[in-house]
Structures are given as C-alpha cells and as structure tokens.
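Heads up: the structure comes next, in structure tokens.
Labels below follow one simple rule: chain letters A, B, ... track the order of the sequence lines, proteins then strands, and each chain is numbered from 1. Being a predicted model, the structure only gives us computed values, none of them experimental.
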There are 2 protein chains.
Amino acid sequence: MRTRKRIPTHPGGILKRQYMEPLSLTVSELAGTLGISRKTLSKIVNERGDVTPDMALRLSRAFSTTPELWINLQRNYDLWEASHKSNDWKLIEAIAC
Amino acid sequence: MRTRKRIPTHPGGILKRQYMEPLSLTVSELAGTLGISRKTLSKIVNERGDVTPDMALRLSRAFSTTPELWINLQRNYDLWEASHKSNDWKLIEAIAC
DNA sequence: ACATATGTAACCCTAAGGGTTACATTATAG
DNA sequence: CTATAATGTAACCCTTAGGGTTACATATGT
C-alpha cells in the first residue's frame with residue numbers, strides 16, 4: 001500500500017474552501033438546502049463529522065458533482081485514520097497462494 | 001450520477017468466491033489469520049456485515065491486494081443502498097453558480 | 001446597537017461493529 | 001455409519017457514531 005505521509009484532506013475542508021466560500025454560502029443556508037440540521041453540517045465543515053453515503057448523495061445534488069467525489073475523500077481519510085490508529089493489521093502475514 | 005440497475009456485488013461475495021474458495025480457505029482459518037472473530041468474518045462472507053476500513057487493511061495484508069480494492073467494493077455497495085433507501089436526496093436542487 | 005450566523009453543549013434515540021459463549025446443523029473424513 | 005470439523009447464528013455485552021432538537025454564548029456584519 002502506498003502510504004501517504006500526511007493525513008489526507010478531510011472532505012469538510014474541501015467543502016468549505018472549494019464549494020461554500022466561493023459561493024459565499026453559509027452553513028445555515030446550505031444545511032437548509034441539503035435538508036439536514038445545522039449541527040450535522042457544522043460538524044462536517046469543521047472536520048468533526050464524517051460524510052456518510054447519504055450525505056455524499058445530497059452534496060452531489062447540491063453541487064452537481066458525483067457522489068463518489070465526496071465518498072472518496074471520506075474513504076481516503078478513513079483509511080489513513082484506520083492505518084494509524086493501530087498497527088495490528090501490519091502483523092498479518094500474506095497467505096501463500 | 002450514473003445509476004447502476006442492479007445492486008453492486010457485496011465485498012463478501014468477492015471475498016468468498018474469488019479469494020477463499022480458490023484457496024480452499026475456511027472461515028475459521030481466515031478469521032484466525034486476520035485476527036478477528038469467526039462471527040465477524042462469517043457476517044461479511046454472507047453479506048450481512050460491512051468491510052470497515054480496518055478490515056480492508058487486514059484483507060489487503062492477507063491477500064496482497066490494496067485496501068482500496070475492498071473499501072471500494074464496500075463504498076459502491078453502500079452508495080447503492082443509500083440511494084435506494086430514500087428518495088429525499090433526489091429532491092435537492094442544484095445550487096446556482 | 002441590532003440582527004444574523006455560528007459552534008457546541010446537553011439530551012434523546014437508533015444503528016452498527018466487534019467480542020465471547022453456546023448450540024444446533026451440515027459436511028466431511030475414516 | 002460415526003466421529004470430527006466447520007459453520008451460522010442467537011443471546012448478551014460494550015462502545016462508537018450519526019442525526020435531530022433546543023438553547024445559549026460568542027462572533028460578524030450592517
């Protein structure tokens with residue numbers, strides 16, 4: 001596995017800087033558009049909440065992107081986190097084949 | 001979004017048919033190798049459990065694959081499920097830009 | 001100064017991952 | 001046919017996490 005040196009950008013950061021700020025979108029407005037609570041969006045934007053598959057679909061509608069864009073960002077983030085949280089998985093031996 | 005007609009293959013099905021069966025690996029053996037319980041692996045193999053990021057890392061070690069292989073299969077499955085569980089997200093309007 | 005936006009705490013509910021033990025069932029080897 | 005191994009899964013426990021609402025103190029901007 002190619003290991004990134006630094007933690008991948010959280011989808012919330014991208015959402016904030018690349019999508020909301022350029023359009024001067026407020027958290028309240030976007031939350032309303034997405035049909036979710038301010039709290040949930042605030043957590044994501046501040047990188048304390050994950051982009052779930054359902055949220056990826058909602059974001060894809062609002063910003064005319066693919067849901068994969070969001071889910072992939074989240075996936076990379078999750079994978080990096082999981083690989084650094086514990087080293088147990090590194091001890092697993094490849095199965096001879 | 002490109003919508004698949006049928007539900008994407010669950011990672012458990014791939015694991016079972018493409019990796020375990022060719023090597024005559026039993027659930028018990030593989031669970032031991034992966035350092036997880038029989039129950040957890042059984043659920044995944046029978047498509048009643050999800051491949052978490054940690055599990056993707058473990059599987060990647062055991063079968064010398066990338067963790068992305070497993071996480072992507074799971075992601076596609078999750079996305080399909082989320083998009084069919086509710087239609088709320090389809091009502092969201094694109095933000096003018 | 002006033003209205004808006006924001007982060008977040010408190011609290012509630014639900015779902016899901018993962019572990020262990022135990023047991024009935026199925027398969028397989030002898 | 002019988003003994004052993006493998007399996008699925010139920011029951012039970014614990015922990016984490018998503019998401020909602022309400023409320024409030026703190027910005028920010030007009």
Side-chain angles (χ1 to χ4, degrees), chain A residues 10-13 15-17 19-59 62 67 70-71 73-75 77-89 91-92 95, chain B residues 10-13 15-17 19-59 62 67 70-71 73-75 77-86 88-89 92 95:
Chain A
H10 186 282
L15 173 58
K16 182 178 188 176
R17 292 187 295 277
Y19 289 85
M20 294 178 66
E21 288 178 356
L23 298 172
S24 300
L25 267 178
T26 68
V27 172
S28 302
E29 279 179 316
L30 182 54
T33 302
L34 295 174
I36 62 175
S37 73
R38 242 181 357 103
K39 171 198 157 192
T40 300
L41 182 56
S42 174
K43 282 181 68 175
I44 292 173
V45 163
N46 290 293
E47 316 199 352
R48 267 187 292 286
D50 293 340
V51 173
T52 60
D54 179 68
M55 213 55 72
L57 289 168
R58 290 171 190 270
L59 289 169
W70 304 103
I71 223 76
L73 286 169
Q74 186 64 54
R75 179 207 66 176
Y77 188 85
D78 289 344
L79 214 42
W80 193 92
E81 272 214 325
S83 69
H84 285 74
K85 188 159 117 189
S86 158
N87 286 322
D88 293 357
W89 63 278
L91 305 174
I92 297 173
I95 294 169
Chain B
H10 187 283
L15 173 58
K16 182 177 187 177
R17 291 187 295 277
Y19 289 84
M20 295 178 65
E21 287 178 358
L23 298 171
S24 299
L25 267 178
T26 68
V27 170
S28 303
E29 277 179 317
L30 182 54
T33 302
L34 295 174
I36 63 176
S37 73
R38 243 186 350 111
K39 171 198 156 192
T40 300
L41 181 57
S42 175
K43 282 182 68 175
I44 292 173
V45 164
N46 290 293
E47 316 199 352
R48 266 187 294 284
D50 292 341
V51 173
T52 60
D54 179 69
M55 214 55 72
L57 289 167
R58 290 172 190 269
L59 289 169
W70 304 103
I71 223 75
L73 287 169
Q74 185 64 53
R75 180 207 65 176
Y77 187 86
D78 289 344
L79 215 42
W80 193 93
E81 271 215 324
S83 69
H84 284 74
K85 188 160 117 189
S86 156
D88 292 358
W89 64 277
I92 298 174
I95 294 169

Q: Take B:E81 and B:K85 through the test side chain to side chain contact (heavy atoms under 4.5 Å, CB included) and record every step on the way to the result.
A: CA-CA 6 Å; B:E81 271 215 324; B:K85 188 160 117 189; 6.0 Å; no
Under a 4.0 Å heavy-atom criterion, the protein footprint on nucleotides 10-30 of chain D, written with B, S and -, is --------SBBB-B-------
Whole angstrom value for the distance that separates [atom2] of [N] from [atom1] of [X]:
| X | N | atom1 | atom2 | result |
| --- | --- | --- | --- | --- |
| A:L41 | C:dT8 | CG | C1' | 14 Å |
| B:E21 | D:dT7 | CD | C1' | 14 Å |
| A:E81 | C:dG17 | CD | P | 18 Å |

Of B:Q74, B:M55, B:K43, the one forming a side-chain contact (heavy atoms from CB on, under 4.5 Å) with B:D50 is B:Q74
Nearest atoms (heavy-atom pairs only) where [X] meets [Y]:
| X | Y | result |
| --- | --- | --- |
| B:A31 | B:L41 | N-CD2, 3.4 Å |
| A:S24 | A:E29 | O-OE1, 3.9 Å |
| A:L34 | A:A62 | CD2-CB, 3.8 Å |

Side chain A:H10, main chain A:L73, donor-acceptor under 3.5 Å: no
| request: Ignoring backbone atoms, establish whether B:S28 has a side-chain N or O less than 4.0 Å from OP1 or OP2 of D:dA5. | output: no
**Study point:** Close side-chain approach of A:P53 and A:I71, heavy atoms under 4.5 Å
**Key:** yes
Taking five pairs at each terminus, the helix from C:dA1-D:dT30 to C:dG30-D:dC1 shows an axis bend, to 10°, of 50°
A:R58 vs B:D88, side chain to side chain contact (heavy atoms under 4.5 Å, CB included): CA-CA, chis, key distance, verdict:
CA-CA 9 Å; A:R58 290 171 190 270; B:D88 292 358; 3.8 Å; yes
